[in-house]
Amino acid sequence: MPQATQQSLTEAEVPRGDVRGFKRYLSNDLLSGFLVFLIALPLCLGISLASGFPAIAGVFTAIVGAIITSLISNSELTIKGPAAGLIVIVLGAVTDFKAILGDDPDAATRAYQMALAVGFVAGIIQIAFGAFRLGFLGEFFPSSTVHGMLAAIGVIIISKQIHIVLGVMGVTGEPLHLLAKVPESILGMNPEVAVIGLVSLAILFGWPLIKNKNIRRIPPQLVVILVAIPLGQYFDLSHDHTYSLAGHEFKLGERFLVNVPKNLIAAMAHPDFTALKYPAAWKWVALFALIGSLESLLSAKAIDLLDPWKRKTNFNRDVLAVGIANTVAASIGGLPMISEIVRSKANIDNGARTRFADMWHGLFLLAFVAFVPGLIHQIPLAALAAMLVYTGFRLAHPREFLHVYHIGKEQLLIFACTLVGVLATDLLIGIVIGIAVKFTVHLINGVPIKSLFKQYLDVEQTGENTYLVRAYGSAVFSNWIPFKRQLEEIGLLRRNNLVIDLSETKLVDSSVMEKLLQMQRDFEQEGLNLTITGLDLHRQLSEHEFSTRKRGLVAMRRLTIVADVGLQEQLVTEFVRLGASGYTLIPCQGAGRRHLSTSFEPNSSLVRIEVVVTRAVSDSMLDYLRRDILNEHHVTICVETVDVVNPDQF
């Protein structure tokens, strides 16, 4: 969107998804909806197949989500639909039900219908979350655990889909076992299918490297489909046959293509509520509801930050809308849905104005599968699997590990324990492991057990429309919810400015720091101020703005330099340039070994310079002294590690 246009619209009117907005922004939303549809179609098919559902189930979900949520939710730019992050949960439910059914000849179909019952009940729970304003429960989960869970889901997706990319079907097992089988699949790949899969991967990974902005605006998923379908026709995947290569025979046929029914009504399936008599079903209900709601809320929050008009989503209303849509989708055979981040970001980039862009993307999907299902049948499964491998890689990208490491080493530990826990056990146990490690880290850092779940706050009015909130004990993820509710009640709801004093807290963890900084932006958008004070005596566990703050002494370095007074100005000037924020000068006299060898008279033209600096600044100063001073002058240098109360004073 051109900058001038955006500015004029912002000043004149914020776009809203009402009747007037529908008419006024029809062309913008229609175009964006069409472009998002091009991205959504292959992803819906691939996610559905990877989840153990029929391919059409993902399309049902996107259609229902687009129409229902656009009428109920006020989230203007999010796109609702199936997401890669829920693949592990849905497939886990289907797999469990298959195991329960055992030798039942209709086990696959019944397991699918039983998973629909789980999705239906989870949707009811999400409706309750929204109706009773329980959307805040998503705030409980610490950021490092959530990122670890998503990275683990990415690894699991890769472990399952990479075999299909190579044309090796039917490989089963746990994630770590599937990863160990990758070399075997490489050796036993079906070459022609692998060509489709590997070319698709090359397009997906190579597309971001293209410099031309106009070309990069074309969705890479669309390019994959436009390349993969002709390749599939060239290799004649629609007919069963064999071919020989390097002395080996390989089979090809329709099983390597997407299977889509020609009649949408006949393709609908309905929940089998007998599933609910099995205890395992309720585990999946909890995961569907909790993880689905959490992912949806996180995505909606992220898109709010990207919204050019800074519109705010009512998260309780959004969870309610997603819950209603999930019950309807499950009733007709669809996957669970969330606010999906990739499609939502594409929606913004394509110039959408209101939530009707989501509705249009759903209507385009409906028209496509209703009128040209045969074209969908020409899409090779290897191409869809390649898209999921790429999605999994983005979830578990090395940047995620570096990002968490930069926040703090202890956060990387929590992240890694969650990731390994999910891979080695299952999603629920892995999350519990991550949270348990987080609690353990807090206890090691001296957080009192009694303040893990209870936030001690004093509130005092200090001026007109200004309140001081003093926090005691600790400010950590597990007591953030009551903390947040009180800040929102006093500040955002009553329209007051807040000053949060954290000086009496023993620890402020990274999740709370991140959420406090996000809340500052919320206050700014409402024309209010939220000021965070009292962290002067807290030590940051890293340089990142989200770093955990721990009250206590901070280790720094004290450099003491004794030199000829003629070097005083040069040394002080260079030390300040390198980062010293202060220094101490003491005229002195004395003698060193060289001086004593010629005279017992002390040298009276000396100066003692002291600076207290960080390790990095100290290293820079020592490099300067070695390079520019010590070769030409006799200087005494002493380096000590000292603990300081307030590092900002140095």
Side-chain angles (χ1 to χ4, degrees), residues 50-51 83-93 95-96 99 138 140-163 171-185 280 283-284 286-288 290-292 294-295 298 388-445 452 476-478 509-511 514 541-542 544 546-548:
S51 302
L86 297 181
I87 288 175
V88 175
I89 302 174
V90 181
L91 182 61
T95 303
D96 266 11
F140 173 78
F141 295 92
S143 301
S144 49
T145 301
V146 173
H147 287 294
M149 174 196 74
L150 293 175
I153 289 172
V155 173
I156 293 171
I157 291 170
I158 293 171
S159 72
K160 293 179 180 297
Q161 297 300 312
I162 191 65
H163 304 280
V171 181
T172 58
E174 297 301 316
L176 297 177
H177 179 66
L178 289 171
L179 288 173
K181 281 190 172 183
V182 171
E184 183 181 333
S185 291
K283 164 191 166 182
W284 297 113
L287 284 173
F288 272 46
L290 290 176
I291 303 302
L294 176 63
E295 279 201 60
L298 290 174
L388 292 175
V389 168
Y390 179 64
T391 300
F393 177 78
R394 293 179 66 178
L395 288 172
H397 197 285
R399 280 198 304 265
E400 289 295 318
F401 292 79
L402 289 174
H403 172 70
V404 176
Y405 173 76
H406 288 148
I407 295 175
K409 294 178 181 178
E410 82 288 356
Q411 301 306 312
L412 182 61
L413 172 66
I414 297 163
F415 174 93
C417 288
T418 306
L419 189 154
V420 173
V422 171
L423 293 178
T425 56
D426 64 25
L427 200 63
L428 184 59
I429 295 175
I431 293 170
V432 171
I433 289 171
I435 292 175
V437 173
K438 181 88 168 178
F439 278 130
T440 303
V441 169
H442 285 341
L443 292 174
I444 292 172
N445 280 323
L452 282 175
V476 295
F477 78 98
S478 49
D509 78 1
S510 61
S511 294
E514 180 179 359
L541 300 190
S542 78
H544 198 279
F546 297 160
S547 167
T548 295

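Sequential numbering from 1 along the given sequence is applied to the chain's residues. Computed from heavy atoms alone, side chains included, the values below leave out hydrogens, waters and symmetry copies.
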Between [X] and [Y], what is the shortest heavy-atom contact and its length?
X: His442; Y: Phe477; result: NE2-CD2, 3.9 Å
X: Thr418; Y: Gly434; result: OG1-CA, 3.1 Å
X: Ile435; Y: Phe140; result: CD1-CE2, 4.0 Å
X: Thr425; Y: Gly430; result: OG1-N, 3.8 Å

Is [Y] close to [X] at the side-chain level, that is, under 4.5 Å between some pair of heavy atoms?
X: Lys438; Y: Asp509; result: yes
X: Ile156; Y: Val422; result: yes
X: Val171; Y: Ser185; result: yes
X: Leu427; Y: Ile153; result: yes
X: Phe288; Y: Val90; result: yes

[X] (side chain) donor-acceptor with [Y] (main chain) under 3.5 angstrom:
X: Ser547; Y: Leu541; value: yes
X: Ser510; Y: Thr548; value: no
X: Ser511; Y: Ser143; value: yes
X: Thr145; Y: Ile431; value: no

Could you measure the distance from the CD1 atom of Ile433 to the CG atom of Leu419? Nearest 0.5 Å is fine.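 Between atom CD1 of Ile433 and atom CG of Leu419 there are 11.5 Å.
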
In Å and rounded to the nearest 0.5 Å, what is the CD1 to CG distance from Ile157 to Leu388?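 Output value for this atom pair is 6.5 Å.
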
If a pair satisfies salt bridge (charged side-chain N to carboxylate O under 4.0 Å, His left out) and one of its residues is in residues 422-433, list it, with sequence neighbours excluded.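 Qualifying pairs: Lys283-Asp426.
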
Could you name each residue pair satisfying salt bridge (charged side-chain N to carboxylate O under 4.0 Å, His left out) that touches residues 401-412, not counting sequence neighbours?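 Checked against salt bridge (charged side-chain N to carboxylate O under 4.0 Å, His left out) - neighbours excluded - no pair reaches residues 401-412.
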
Pair up each side-chain donor or acceptor in residues 174-183 with any protein partner under 3.5 Å, not counting sequence neighbours, and list the distances.
| unit_1 | atom_1 | unit_2 | atom_2 | d |
| --- | --- | --- | --- | --- |
| His177 | NE2 | Lys181 | NZ | 3.4 |

Under the ring pair (Phe, Tyr, Trp, His ring centres under 6.0 Å) definition, can you give me all pairs with a residue in residues 401-428, not counting sequence neighbours?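 Listed by first then second residue: Phe401-Phe415, His403-His544.
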
List the residues meeting salt bridge (charged side-chain N to carboxylate O under 4.0 Å, His left out) with Lys160, not counting sequence neighbours, and say none if there are none.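 Result, salt bridge (charged side-chain N to carboxylate O under 4.0 Å, His left out) vs Lys160: none returned.
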
Partners meeting ring-ring contact (aromatic ring centres under 6.0 Å, His included) with Phe141 (sequence neighbours left out):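 For Phe141, no residue satisfies ring-ring contact (aromatic ring centres under 6.0 Å, His included) once neighbours in sequence are set aside.
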
